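Worksheet: the structure to be examined is printed underneath.
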Amino acid sequence: GENVEQHPSTLSVQEGDSAVIKCTYSDSASNYFPWYKQELGKGPQLIIDIRSNVGEKKDQRIAVTLNKTAKHFSLHITETQPEDSAVYFCAASKGGNEKLTFGTGTRLTIIP
Amino acid sequence: NAGVTQTPKFRVLKTGQSMTLLCAQDMNHEYMYWYRQDPGMGLRLIHYSVGEGTTAKGEVPDGYNVSRLKKQNFLLGLESAAPSQTSVYFCASSDGQGEFFGPGTRLTVL
């Protein structure tokens with residue numbers, strides 16, 4: 001089955017700087033890669049996703065890149081703000097009704 | 001729209017007791033999922049459903065049962081709770097375009 005590895009497990013970034021979280025996956029048939037943000041005491045929330053026919057996707061300060069050849073994808077957050085502090089999860093699936101496989105999460109702390 | 005709701009929010013059980021966690025979604029999604037989240041282990045899939053009347057095992061199904069009698073509801077049952085089932089449980093639903101999560105149920109088994 002699919003295996004998703006996520007790094008780093010913790011990340012501290014000065015406010016205003018950029019943060020990058022990286023994930024690798026094992027199943028070359030995976031074609032859907034969402035990212036989730038989980039704030040303390042809440043459920044994960046989908047923040048951005050990318051499909052295998054696209055190399056990069058951007059939404060305001062958040063961007064995701066995908067390298068299908070190397071089987072890795074990354075989340076980039078620019079101009080970080082205190083409200084970006086949370087746990088971020090990457091995931092992968094073959095799309096449709098195929099279930100997601102999640103990474104183990106990255107705890108991002110923005111230092112004011 | 002309420003999205004995905006879960007009841008109860010918190011529960012404490014004694015070993016051997018049973019309980020049912022209820023998940024409801026109002027987005028008309030076909031797919032529903034139950035996960036557990038433990039420190040350092042991310043989200044692990046317990047059971048899932050691809051439509052009303054169907055269920056399937058996920059990564060960690062032992063000790064749990066599920067039912068999807070109505071499209072909008074997905075129930076997770078613990079027949080005989082064990083301390084190893086102490087966790088935060090999340091329900092999610094999807095239309096195949098990404099999963100929407102509920103707020104979670106924090107379960108402690110003593």
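Chain letters run A, B, ... following the sequence lines, proteins first, then strands; residues in each count from 1. Because the structure is a prediction, the values reported are computed rather than measured.
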Contact class of [X] relative to chain B, heavy atoms under 4.5 angstrom:
| X | value |
| --- | --- |
| A/Pro34 | neither |
| A/Arg51 | side chain |
| A/Gln45 | neither |

Evaluate the side-chain contact (heavy atoms from CB on, under 4.5 Å) criterion for residues B/Gln37 and A/Phe102: first the C-alpha distance (whole Å), next the side-chain angles of each, then the deciding distance (0.1 Å), finally the verdict.
CA-CA 11 Å; B/Gln37 186 174 39; A/Phe102 286 85; over 6 Å; no
Enclosure of [X] [atom1] (heavy-atom neighbours >12, cutoff 6.0 Å):
| X | atom1 | value |
| --- | --- | --- |
| A/Leu40 | CG | no |
| A/Lys68 | NZ | yes |
| B/Glu79 | CD | no |
| A/Glu79 | CD | no |
| A/Lys22 | NZ | no |
| A/Gln60 | CD | no |

Side chain, backbone, both or neither: which part of B/Leu43 has a non-hydrogen atom closer than 4.5 Å to chain A?
both
Whether the side chain of A/Tyr32 engages the backbone of B/Gly96 through a donor-acceptor N/O pair (distance < 3.5 Å, no angle test) should be reported.
no
Let's test your reading of the structure: which of A/Ser9, A/Pro44, A/Gly43 forms the most heavy-atom pairs below 4.5 Å with chain B?
A/Pro44
Can you tell which of A/Gln6, A/Gln38, A/Arg107, A/Lys42 has the highest number of heavy-atom pairs within less than 4.5 Å of chain B?
A/Gln38
Consider only side-chain heavy atoms of I, L, V, M, F, W and Y, link residues closer than 4.5 Å, and tell whether B/Val50 and B/Ile46 are in one cluster.
no
Specify the closest pair of heavy atoms between B/Glu99 and A/Tyr36, including all atoms of both residues, with the distance to one decimal.
N-OH, 2.9 Å
Going through the distances and angles, do A/Leu100 and B/Tyr35 end up as a side-chain contact (heavy atoms from CB on, under 4.5 Å)?
CA-CA 11 Å; A/Leu100 290 171; B/Tyr35 293 89; 4.3 Å; yes
